Amino acid sequence: MDAIVKQYLQTYGISEAAQRFLSKAQKMFIGGAWVDGSDGANAEVTEPSTEGLLTHIPMGTVADLDRAVAAAREQFDSGEWSALKPAERERLLQRLADLIELNAHELAEIESIDMGKSVSQALEVDIQGTIDTFRYFAGWATKIHGRTAEPSLPGNYLAYTRKEPVGVVGIIVPWNFPLQTMAWKLGAALATGCTVVVKPAELTSLSALRFAELVQEAGIPDGVINIVTGRGSVVGAAMATHAGIDKLSFTGSTPVGITVGKTAMDQMKRLTLELGGKSAVIVREDADIKAAAQAVANGVFFNSGQVCDAGTRAYIHRSVYAQFLEELIAYTRTLKVAPGLDAECFISPLVSAQQQARVLEYIEAGKQEGAEVAYGGQAITGPGYFVEPTIFANCRNDMRIVQEEIFGPVLVTAPFDEDDEAVELANDSWFGLAAAIYSNDLGRVHSLIPRLRAGSVYVNAHSTIDPCMPFGGYKQSGFGKDLGAEQLDYLLETKAVWITLP
Ligand code: NAD
């Protein structure tokens, strides 16, 4: 660990538990054993608030993936987990949630130090969301069942359906909500009796490895959950082609999702793709403008804009546009830019130098295309991969900053005159992950909701997410759902059973 990172951890005083975890040599978790990668290769992990070396993680190989899939397959076929009494699966998932709760503070610290995010937001959102997800799906374990039918066919039959776990699930997650996104995929998979192989993002694998220690402590049988760290181009790509994986659940960018999806279809793998977004926000003239401006800022700058459903395009009624921008800027000024471990931090550094460069390149492109910088627009002098929260005014929909996913603290805004125009502007995107409407006229809101081509519509708020509601995109934001009862359908096969009776 570099001296600058040690100094940073000392300044903010992290827990002994997090210190223990960060000081040990990291290994992958396969078949209940802690192992190095088969070729011994490691990658450096950089701490984003200091740009210093934090630790190393093993870079898995295709051979490591083979071992993990074999362990998951053997476990699945044994029935130890897949045929375990549902109440026992529920008990173990609740126990896992209890352990995450007990270690929540440490997990939030690890997430903040690894990814750069605000430790307070990590605790409140990432870790609490992880606990809630396991508890919600623990409850489902005992409620999964088929139905009996009454066929009209001549003869005498007992006809019923069985819901069966799809098998071994390959899970690929991105770096913005590492533990929580993994939990979104694990909860339903485990409740249904599937076994899993997880590949965390190479930038942020640490919380998954700490989580694997809790999996062991909870008494979840070996081979149910396997974690292979490594590169997307190696381990991730091999997961998409692996004959031993029955279902692939991918969260990440749209271009990679399309590649992964095409490959997975060669083997007719079951597939969930949770991809990118460029979510639109409509602020009607009858909204509470101050409250809307604050909610819009929170909805785009949370996690420094590295949120798939961030409300990144705001269309505001022309009659309130100037007032809205004023409130928005005044509120944005109050958001504290600080290292992730600062308890007051709202705007944290971006995850990497590469992400910082990408965001700054988009800001430059926006300026070149003639968008007005109403606030921010610069990098903040380091150390740390900081970018100022940035607000563009009077944007056109054909600008790159309006059409492409930036994945940083950048909001584009433009005025509109009529609801129809707002809907047209909002839907003018390849993406369709989420949308938001701010208005006090519920009748108008209700008429707009069906017209928005987005998987989630938030009204007078942004990113109100709970495990009881499905999450997933329209259009190039992917297909399939995470969370909610709907997710179970993507982890279960339905078998139709016909018994001819005498
Ligand atoms: P990414 O697509 O680069 O990587 C995502 C994951 O895929 C990582 O684990 C990576 O290692 C792996 N990967 C990379 N190349 C691969 C390949 N060829 N084959 C298989 N796996 C491969 O995305 P990212 O930069 O890590 O994350 C940001 C993106 O994720 C954004 O587009 C964001 O919108 C999206 N995202 C979507 C959701 C959602 O629920 N829809 C949630 C979070 C993030």
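Numbering of ligands and ligand atoms starts at 1, following listing order. Since the model is a prediction, treat every value here as computed from it, not as a measurement.
For the ring pair (Phe, Tyr, Trp, His ring centres under 6.0 Å) test, residues two or more places apart in sequence or in another chain that qualify with Phe29 are Trp34.
For residues 224-283, the set of pairs meeting the ring-ring contact (aromatic ring centres under 6.0 Å, His included) definition, not counting sequence neighbours, is empty. The ring-ring contact (aromatic ring centres under 6.0 Å, His included) contacts involving residues 183-213 comprise Phe134-Phe211, Trp184-Phe471, where partners must be two or more places apart or lie in separate chains.
Using a 4.5 Å cut-off on side-chain heavy atoms (C-beta onward), Met28 and Asp64 make contact. At a threshold of 4.5 Å between non-hydrogen side-chain atoms, the residues Gln306 and Met115 count as touching.
Arg210 has no carboxylate O lying under 4.0 Å from a charged side-chain N of Glu111, or vice versa, which leaves the two without a salt bridge.
Protein residues having at least one heavy atom under 4.0 Å from any atom of ligand 1 are Ile172, Val173, Pro174, Trp175, Asn176, Lys199, Pro200, Ala201, Glu202, Gly232, Gly236, Ala237, Phe250, Thr251, Gly252, Ser253, Val256, Val260, Glu274, Leu275, Gly276, Gly277, Cys308, Glu405, Phe407, Leu433, Phe471, listed by chain and number.
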